[in-house]
Structures are given as structure tokens and as C-alpha cells.
2 protein chains.
Amino acid sequence: MAALKHSRQRDAIKSNLMHRRDHPTADMIYADIRKDYPSVSLGTVYRNLSLLTEIGEIQRLASTDGAVRYDGNLQPHDHFICTRCGRIADVEPADRTALRMQARQLDGIVQDCQVNYYGLCGDCKTQEAM
Amino acid sequence: MAALKHSRQRDAIKSNLMHRRDHPTADMIYADIRKDYPSVSLGTVYRNLSLLTEIGEIQRLASTDGAVRYDGNLQPHDHFICTRCGRIADVEPADRTALRMQARQLDGIVQDCQVNYYGLCGDCKTQEAM
DNA sequence: TTGGGTGCAAATCTTTTGCAGGTGT
DNA sequence: ACACCTGCAAAAGATTTGCACCCAA
């Protein structure tokens with residue numbers, strides 16, 4: 001395992017992700033970071049997001065729409081994805097008892113479990129009705 | 001809403017997806033279909049997979065590894081994703097009571113809920129130990 | 001006949017990578 | 001000094017799209 005060195009860019013990326021509540025793509029983080037560090041490159045953002053994911057400091061979210069999204073919230077929680085506008089909102093974690101029972105019966109080692117709700121968010125529900 | 005016309009290609013794509021138990025990417029389906037219809041194009045596969053997803057005949061699976069995967073199994077079920085080999089296996093659906101309670105409190109309309117387990121599948125667990 | 005469907009190829013978008021030079025320890 | 005990290009740009013991978021032609025209803 002390679003030794004980690006401190007890097008200003010990695011700090012900025014992590015800090016940016018921790019301070020926002022949406023669940024940005026690499027590109028969204030890149031755009032935001034560049035306001036403070038105009039020289040950062042997209043490749044560096046990708047490299048660091050992968051690195052941070054590997055060492056467990058952030059989480060990669062599964063998605064249906066092409067681009068992978070990242071989450072800096074390490075507390076257990078679920079997600080609500082609006083199928084109309086694509087927004088991803090954090091949701092209080094549901095009770096995992098039933099899921100854990102299921103996981104125990106699988107042939108393998110379950111390390112994590114993600115719950116995603118899909119539907120229309122409050123805003124889109126209103127607009128859909130018009 | 002545009003009227004749907006029958007198409008041999010769409011049939012082949014749907015049929016292919018329904019008859020396999022893995023959770024293929026568009027490209028995997030394309031490769032398979034071409035054995036029977038060598039003239040099918042990748043664009044057509046993508047167009048039809050999106051169409052079938054929209055009308056609810058198949059399901060798009062959220063993923064963390066770049067390529068979107070498709071599932072022709074419409075029965076309620078969950079997924080176990082191996083973080084080592086990428087395999088996605090169907091899992092008996094866990095009891096949804098707790099999840100439904102959570103969903104009811106959200107500001108919006110929840111139409112669907114996906115549960116993903118992540119970890120090492122049986123095969124990879126064995127190999128990891130060596 | 002007519003509008004949806006298709007093949008093909010180019011375009012777009014997302015993510016990865018090779019390389020030469022920069023930087024933390 | 002020695003790795004690790006970075007910026008840049010090219011490459012690779014995934015998906016979409018414009019267009020002319022084809023086909024089902």
C-alpha cells in the first residue's frame with residue numbers, strides 16, 4: 001500500500017464535498033473547486049475522488065443516469081432520487097432489521113447496504129400536476 | 001405520447017434480457033443479439049433499452065462502475081453486488097415494512113425502492129482468503 | 001401513405017491514463 | 001532525494017443523436 005502524502009487539492013476536494021448537501025458528480029465538484037483553485041485539473045478530481053472512496057472517507061453512489069455521484073455524509077442514511085429532475089436527497093435511515101436478516105442468508109460477505117427510493121420530489125410533484 | 005409499433009429488434013432485445021439471469025450492460029446485450037441478428041446496431045439497442053425502461057417493461061439498475069445495467073425480472077427483488085468481481089445477483093426481497101413507513105414520511109411521491117447489498121460473493125470470498 | 005424504427009457514423013459525455021515536471025516528508 | 005501528486009492532453013468507454021432509408025399499420 002502506497003503511503004499517502006498531504007495535498008492541497010485533495011483537501012479542497014474533500015472539503016468541498018463535505019460542505020454541500022447535494023450529491024455532486026465529479027464534474028460539479030471540479031467546477032466548484034476551480035473558483036478557488038483555477039489550476040486544478042479534472043483528472044486530479046477524478047483521481048482523488050477514487051482515492052478518497054477507496055480509503056473510505058467518502059462514498060460513491062450508484063446511479064442510473066450515466067455520471068457517478070459522490071456523498072461526503074458518512075452517517076448511515078438512505079437516498080431519495082427524483083426521477084424527473086434527478087435530485088438526490090438524504091433520507092433518515094430505515095430500520096435495517098429485515099435487511100440484515102436477509103443479508104445473513106447470502107452466500108458471501110455483505111459489507112454494506114444501500115436503500116434508494118425513486119419517485120417525484122416535492123417540487124416535481126407540484127409541477128407535474130399542472 | 002407516440003404510438004408504439006412492433007419491431008423485430010425490440011422483441012429480440014427484450015427476449016434476450018428476459019432469458020438471462022445476469023444483469024447485462026447494453027453492450028453485452030448487443031453482443032448477444034448480434035449472433036441472431038448480425039445487422040442490429042448498438043444505437044438501436046440503446047434506444048430500445050431506454051424505451052422499454054420508460055414503459056416499465058424492464059428496469060434500469062443503478063451502478064457504481066460506469067456502465068448502466070438492465071434487469072428483465074419484474075418481480076420485486078433485491079440485488080447483491082460483488083465489489084470484487086462486479087457480479088450482480090438477485091436476492092429474495094427483504095420485508096419492506098420499515099422502508100414503506102419511511103417512504104410515507106417523505107415530501108414527494110415514492111414509486112419504487114431498490115435495496116442493494118455490497119460485499120464479496122461466495123467465489124470471491126474464497127479467493128480472497130488465499 | 002405515414003410516422004415510427006433502424007443502421008451507420010459522428011458527436012457528446014464521462015472517466016482513465018501516460019508523461020513530464022512539481023511537491024511534501 | 002524519493003515517492004507521491006499534479007496539470008495537460010490524449011485515449012478509452014459509454015451513450016446519444018442526425019440523417020437517409022425501411023417497414024408496420
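Hydrogens, waters and symmetry mates play no part in the numbers below; they use all other heavy atoms, side chains included. Order of the sequence lines sets the chain letters (A, B, ...), proteins ahead of strands, with each chain counted from 1. Everything numeric here is computed off the predicted structure, so don't read it as measured data.
Taken residue by residue, residues 37-52 of chain B places heavy atoms nearer than 4.0 Å to DNA chain C at Ser39(B), Val40(B), Ser41(B), Thr44(B), Arg47(B), Asn48(B). Residues from residues 22-36 of chain A placing a heavy atom under 4.0 Å of any atom in DNA chain C do not occur.
The backbone N or O of Asp90(A) lies less than 3.5 Å from no partner atom in the side chain of His79(A), so there is not a single donor-acceptor pair. Between the Arg69(B) side chain and the His23(B) main chain, a donor and an acceptor come within less than 3.5 Å of each other. Using modelled atom types, no side-chain atom of Thr64(A) and backbone atom of Leu61(B) make a donor-acceptor pair closer than 3.5 Å. When atom types are taken as modelled, the side chain of Arg96(B) and the backbone of Arg100(B) share no donor-acceptor pair closer than 3.5 angstrom. Of the possible donor and acceptor atoms, one in the side chain of Asp78(A) sits under 3.5 Å from a partner among the backbone N and O of Ala94(A). At least one donor-acceptor pair closer than 3.5 Å links the side chain of Thr53(B) to the backbone N or O of Leu49(B).
In this structure, CG of Asp11(B) is placed 14 Å from C1' of dC23(D), rounded to the nearest angstrom. The CZ atom of Arg8(A) sits 9 Å away from the P atom of dT23(C) (whole-angstrom rounding). Between His6(B) atom NE2 and dC23(D) atom C1' there is a gap of 12 Å when expressed in whole angstrom units. Distance CZ (Arg10(A)) to P (dG22(C)): 20 Å, rounded to an integer number of Å.
Scanning atom types as modelled, one donor and one acceptor separated by under 3.5 angstrom connect the side chain of Lys5(A) and the base of dA3(D).
Using a cut-off of 4.0 Å between Lys/Arg side-chain N and Asp/Glu carboxylate O, Arg87(A) and Asp123(A) are scored as salt-bridged. A salt bridge links Asp32(B) to Lys35(B): at least one charged side-chain nitrogen sits closer than 4.0 Å to a carboxylate oxygen.
An OP1 or OP2 oxygen of dG7(D) is reached within less than 4.0 angstrom by a side-chain nitrogen or oxygen of Gln9(A).
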